[in-house]
Chemist: 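This is the structure I have questions about; it appears just below.
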Amino acid sequence: MTGQIRGLHHVTSMSRDANANNHFFTATLGLRRVKKTVNFDEPSVYHLYYGDEAGSPGSVMTYFPFPHIIRGRPGTGEVGETMFSVPEGSLKFWQDRLVAQGVEGVAADERFGEKRLRFKAVDGDMFALAEIENDPRAPWTGGTVAGDEAIRGFQGASLRLRDSGATEELLKFMGYHHADTNKGIKRFALAGGNGADVIDIETLPNMPRGELGAGSVHHIAFAVDNRADQLAVRQALVDAGHNVTPVIDRDYFYAIYFRTPGGVLFEIATNEPGFDRDEDSAHLGEALKLPSQHEHLRSWLQSHLPEIKDVA
Ligand code: ZN
C-alpha cells in the first residue's frame, strides 16, 4: 500500500437513547451534530453524526441508537477507547465541566507524555481527551464550548487485542509505524495524516472477547482522499488476503469494510463528497436526511423515530 491512508475518518458506536446521546455529544462535549439520518441497513434506527463544523474526516463520531439493546460487555477484539485532541492547558476546564455535568469515570492520567482525561459517555463507552500541542485543526465554536478548549478532532483510538501481531502488521501495511511502547501499550502513528493519526494497541491475552451492545464501538473508519485511492487500497487488501466488501455508497462517503485478524471491524471511507452534499453548511444536521432508497419511508419514520430535542 502506498500512502493513501490519511488517519481516522470516523468512529461508529452503539447507544440506546438518541436524546441522551445527542445531548452528551453536543451539550457536554460541544461537538456539532453534522447529520441526522438513519442506519441505511436498519432505517428504523437513527444514524447520528457529530464532529467539527464541516464534519471533517478525522473528527466524526457517529452513533446508532438502538432503543432496546443491552449494554455491550467490554473485552478484546474491539476498540477500547476513542481519543480526542484538545488544546494544551484545557484539561482543568474539561475536568470541571464533566464532573459538574455528572459524567462518570472522570479520571486524569498520562500516556506517552501527554496529559489526558478519561471518562465514560452515557452507555459506558470509554473516551479520553488528550492535550495535544499545536493541533492545527479548527474546532467547532458555534456550540457549547469556546475555541480555547474545544475538541479539535480525534487523536486516535485504542484497540484491545488478545494477540496483536497480525493487526500490527496490517497497520504497518496501511502506512502506520511503531512510534513508542509505554506501560504495555504500543503506539502506532501515521506521518502526514489528518491529525487523527494514532492507534494504540493493548494486548490482553487472557481477556474474553467483547460483546457488542450499547457503549461498544461498532467499527472504526480510516480516511482516503477519493474513490481512486479507495480502489487501490481495496485491491492491496484483497491481494494481501483480506476479505473486503465491495464499495458501498453511504451518501456522504463511499465505504469498504473488512474484519481485521484481531477481531476489530475496519472501514476505509472516502473524504468525498462530505456532509454538505444534501444540506446547506449553515444547517448541517438539523433536518432528517434519508438515503434515496428509504425516502418512501419518510412519513412513517418521522412519526416513529424519537424526536431529538436540542439544547437551545
Ligand atoms: Zn462507518
Side-chain angles (χ1 to χ4, degrees), residues 4-15 18 21 25 31 33-43 45-52 54-66 69 72 77-84 121 123 125 127 153-154 156-159 170-171 174 193-194 196 199 210 212-227 229-231 233-234 237 242-260 262-275 277-278 284-285 289-291 293-294:
Q4 294 95 344
I5 303 290
R6 297 281 174 257
L8 290 183
H9 185 286
H10 62 271
V11 175
T12 293
S13 293
M14 321 272 284
S15 70
N21 181 256
F25 285 91
L31 299 179
R33 191 179 66 240
V34 293
K35 195 61 64 182
K36 180 165 73 173
T37 183
V38 294
N39 182 323
F40 286 16
D41 304 312
E42 180 65 59
V45 170
Y46 275 124
H47 194 181
L48 303 175
Y49 291 74
Y50 312 99
D52 66 8
S56 306
S59 78
V60 182
M61 187 70 216
T62 99
Y63 275 87
F64 300 130
F66 283 88
I69 57 167
E78 64 177 4
V79 170
E81 191 178 73
T82 304
M83 307 181 290
F84 287 114
D123 296 288
D125 16 9
F127 286 89
F154 294 124
S158 74
L159 312 180
L170 171 64
L171 286 171
M174 291 168 62
N194 60 16
I199 299 289
L212 192 69
S216 306
V217 172
H218 184 269
H219 64 268
I220 55 173
F222 295 83
V224 290
D225 285 339
N226 53 49
R227 300 189 71 186
D229 281 0
Q230 183 179 53
L231 288 177
V233 168
R234 186 179 185 283
L237 289 167
H242 296 279
N243 188 4
V244 188
T245 68
V247 176
I248 300 170
D249 182 356
R250 295 302 189 194
D251 278 11
Y252 312 106
F253 47 86
Y254 292 87
I256 57 176
Y257 304 85
F258 63 107
R259 183 74 60 183
T260 62
V264 183
L265 184 62
F266 277 11
E267 174 184 343
I268 309 290
T270 56
N271 288 344
E272 57 185 19
F275 294 99
R277 74 170 282 279
D278 63 354
L284 286 185
K289 291 295 172 184
L290 298 175
Q293 67 269 30
H294 297 321

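Residue numbers start at 1 and run along the sequence shown. Counting convention: from 1, in listed order, for ligands and their atoms alike.
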Chemist: Please determine which of T82, L159, T260 meets the side chain to side chain contact (heavy atoms under 4.5 Å, CB included) test together with I220.
Modeler: L159

Chemist: If I take every N, O or S atom of H10, is at least one of them less than 2.8 Å from the Zn ion (ligand 1)?
Modeler: yes

Chemist: Could you tell me whether the Zn ion (ligand 1) has an N, O or S atom of H9 under 2.8 Å away?
Modeler: no

Chemist: Step by step, would you call D123 with Y63 a side-chain hydrogen bond (donor to acceptor under 3.5 Å, both in side chains)?
Modeler: CA-CA 11 Å; D123 296 288; Y63 275 87; over 6 Å; no

Chemist: According to the interplanar angle, ranging from 0 to 90°, do the rings of F64 and H219 count as parallel (below 30°), tilted (30 to 60°) or perpendicular (above 60°)?
Modeler: tilted

Chemist: Show, in sequence, the C-alpha distance, side-chain angles and deciding distance for T12 and H47, and conclude whether the side-chain contact (heavy atoms from CB on, under 4.5 Å) test is met.
Modeler: CA-CA 9 Å; T12 293; H47 194 181; 4.2 Å; yes

Chemist: The Zn ion (ligand 1) is nearest to which N, O or S atom of E267?
Modeler: OE1

